[in-house]
Peer 1: 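Right, I'll just put the structure down here and ask away after.
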2 protein chains.
Amino acid sequence: MRVLIVEDEPYLAEAVRDGLRLEAIAADIAGDGDSALELLSVNSYDLAVLDRDIPGPSGDEVARRIVASGSGIPILMLTAADRIDDKASGFGLGADDYLTKPFELRELVLRLRALDRRRAYARPPVREIAGLRLDPFRREVFRDGRYVALTRKQFAVLEVLVAAEGGVVSAEELLERAWDENADPLTNAVRITVSALRKRLGEPWIIATVPGVGYRIDTGTARA
Amino acid sequence: MRVLIVEDEPYLAEAVRDGLRLEAIAADIAGDGDSALELLSVNSYDLAVLDRDIPGPSGDEVARRIVASGSGIPILMLTAADRIDDKASGFGLGADDYLTKPFELRELVLRLRALDRRRAYARPPVREIAGLRLDPFRREVFRDGRYVALTRKQFAVLEVLVAAEGGVVSAEELLERAWDENADPLTNAVRITVSALRKRLGEPWIIATVPGVGYRIDTGTARA
DNA sequence: CAACTGCCTTACGCATCCCGGACGGTGGAG
DNA sequence: CTCCACCGTCCGGGATGCGTAAGGCAGTTG
């Protein structure tokens, strides 16, 4: 489990990190909103712990960005006790849990584990590959962070391709997985759907054709 | 915050009560198991502090009853130091925390506050998502802070959708959860209710249709 | 009993999706 | 160069699924 801690007070942040380390939870620290957003874009985290009151973009703003990114990373908000009335707005921004300072490290760990479990069990994993993010639970697809509306068949086909993690999938296999049993083997439905998919997902094209074999998600490794 | 103290030694009980009062925590005292159960049935408490060794029904028995009542009131157990080996059994009976005598008042307060926070988290009576606030207990719904009157069915459906936290819920699943067993599988009651819900909740529409799949709360991640 | 509300079935309009057919483009083999 | 296999894309009709209006039935209230 890997966590991003966004907290502007170094002493507190490091104390939390050290505590989490004992629980085998890896944690990175961002001291302000900008570095938080940068770290989020570079690394992949399972959870985010956000102090609301930080330099640069506020904790609220960072939370909004995380939610909008569609990554589905759960957020635990930290706030000073005297601002507890902000609780509603915190949840409204997409925070999944809330903790008021001062808090016990033990409790933080419990909540983080709870959030991680909830994410892991309740939701099918969000798959990411080559700038493509596919959320089976919400049935949403993002290309480079932008939402892409897909039809049912298009989503089904893309789901199979993404599940293959860049491996080649034959037209027959696509037919078998994304269509029901009684599909005409010599249909060109696959070609049409793939064509539509490419168009919807925009350029650069992310679905590569392997002549005579099938299709695969282009992860860029094959490009010169 | 209101706490029930179950402790047969009057001096200790009152010392604790006075100490808690300074922390703005209201406390009632029960000297034995029977009066504890009576007070629990009459008043509503946020927490219970139980001495294991009391006259009448034991602390263990009282704890069992509290858990069985389904009220979800967290329990902090007190025990003499020489019986610390009972710790496991105490937790087994549903105690949420544990303290051995003698203890410092300061520590008791800290633990009570922690328990109260955890309770607030463990069963959030109010769910919030995307500007929607839903109170299952009072059967009330607010959209952006404004009250919205809903019928029973409408509320039930919205409850399921909100519980899914933005995930897609199929019409079948809605039927299964918001209607009783004998629902016609090919009814369009769901569509009618969703339609009415959308109208009641006003614009912008907060329930999105995922064609061929189901419905979900629109958290806004799909726009922008 | 009358009026009302909540709830569901029937029915219909409408948008969208899906796929067969046809056509054009491309690259390799002869 | 010509042929051919394979692939991408446009078009149009049929099918599907969704939204909503209208009416009836049951339970509740005054």
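Bear in mind that the values here come from a model prediction, so they are computed numbers and not experimental data. Order of the sequence lines fixes the chain letters, A, B, ..., with proteins taken first and strands second; residue numbering starts at 1 for each chain.
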Peer 1: Using the test salt bridge (Lys or Arg N to Asp or Glu O under 4.0 Å), find all partners of B:Arg198 that sit at least two apart in sequence or belong to another chain.
Peer 2: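 B:Arg198 satisfies salt bridge (Lys or Arg N to Asp or Glu O under 4.0 Å) with no residue once adjacent residues are dropped.
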Peer 1: Give a yes or no on whether the backbone of A:Pro211 and the side-chain of A:Thr209 come within a donor-acceptor separation of less than 3.5 Å.
Peer 2: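 No; zero donor-acceptor contacts below 3.5 Å.
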Peer 1: Roughly how far, to the nearest 0.5 Å, is CD1 of B:Ile75 from CG of B:Leu4?
Peer 2: 10.5 Å
Peer 1: Mind checking what makes salt bridge (Lys or Arg N to Asp or Glu O under 4.0 Å) contact with A:Arg127, not counting sequence neighbours?
Peer 2: A:Glu165
Peer 1: Supply the atom-to-atom distance B:Lys199 NZ to B:Trp205 CH2, rounded to the nearest 0.5 angstrom.
Peer 2: 9.0 Å
Peer 1: Can you check whether A:Arg133 reaches A:Val141 side chain to side chain, under 4.5 Å on heavy atoms?
Peer 2: no
Peer 1: Taking distance alone, no hydrogens or angles, what donor-acceptor pairs closer than 3.5 Å link side-chain atoms of residues 151-164 of chain A to residues at least two apart or in another chain?
Peer 2:
| from | atom 1 | to | atom 2 | distance (Å) |
| --- | --- | --- | --- | --- |
| A:Thr151 | OG1 | A:Gln154 | N | 3.4 |
| A:Gln154 | OE1 | A:Thr151 | N | 3.1 |
| A:Gln154 | OE1 | A:Arg200 | NH1 | 3.4 |

Peer 1: Reading DNA chain D from 5' onward, which residue's closest nucleotide shows up sooner: B:Lys199 or B:Gly212?
Peer 2: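 The residue whose closest nucleotide sits nearer the 5' end is B:Gly212.
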Peer 1: Any idea which heavy atoms bring B:Asp51 and B:Ile54 closest together, and the distance?
Peer 2: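 It is O-CG2, 3.7 Å.
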Peer 1: Would you say B:Val169 and B:Arg216 make side-chain contact, with heavy atoms under 4.5 Å?
Peer 2: no
Peer 1: So which of residues 158-167 of chain A are in contact with DNA chain D, with a heavy-atom cut-off of under 4.0 Å?
Peer 2: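 Residues of residues 158-167 of chain A that come under 4.0 Å of DNA chain D do not exist, since none gets that close.
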Peer 1: Starting at the 5' end of nucleotides 9-30 of chain C, put B wherever the base has a protein heavy atom under 4.0 Å, S where only the sugar-phosphate does, and a dash everywhere else.
Peer 2: BBB-----SSBBBB--------
Peer 1: Need two values: the first and the last nucleotide of DNA chain D, 5' to 3', having an atom under 4.0 Å from any heavy-atom of chain A.
Peer 2: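 Result: D:dC7 to D:dC10.
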Peer 1: Roughly how far, to the nearest 0.5 Å, is CD1 of A:Ile5 from CG of A:Leu78?
Peer 2: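 A:Leu78 CG to A:Ile5 CD1: 9.0 Å, rounded to 0.5 Å.
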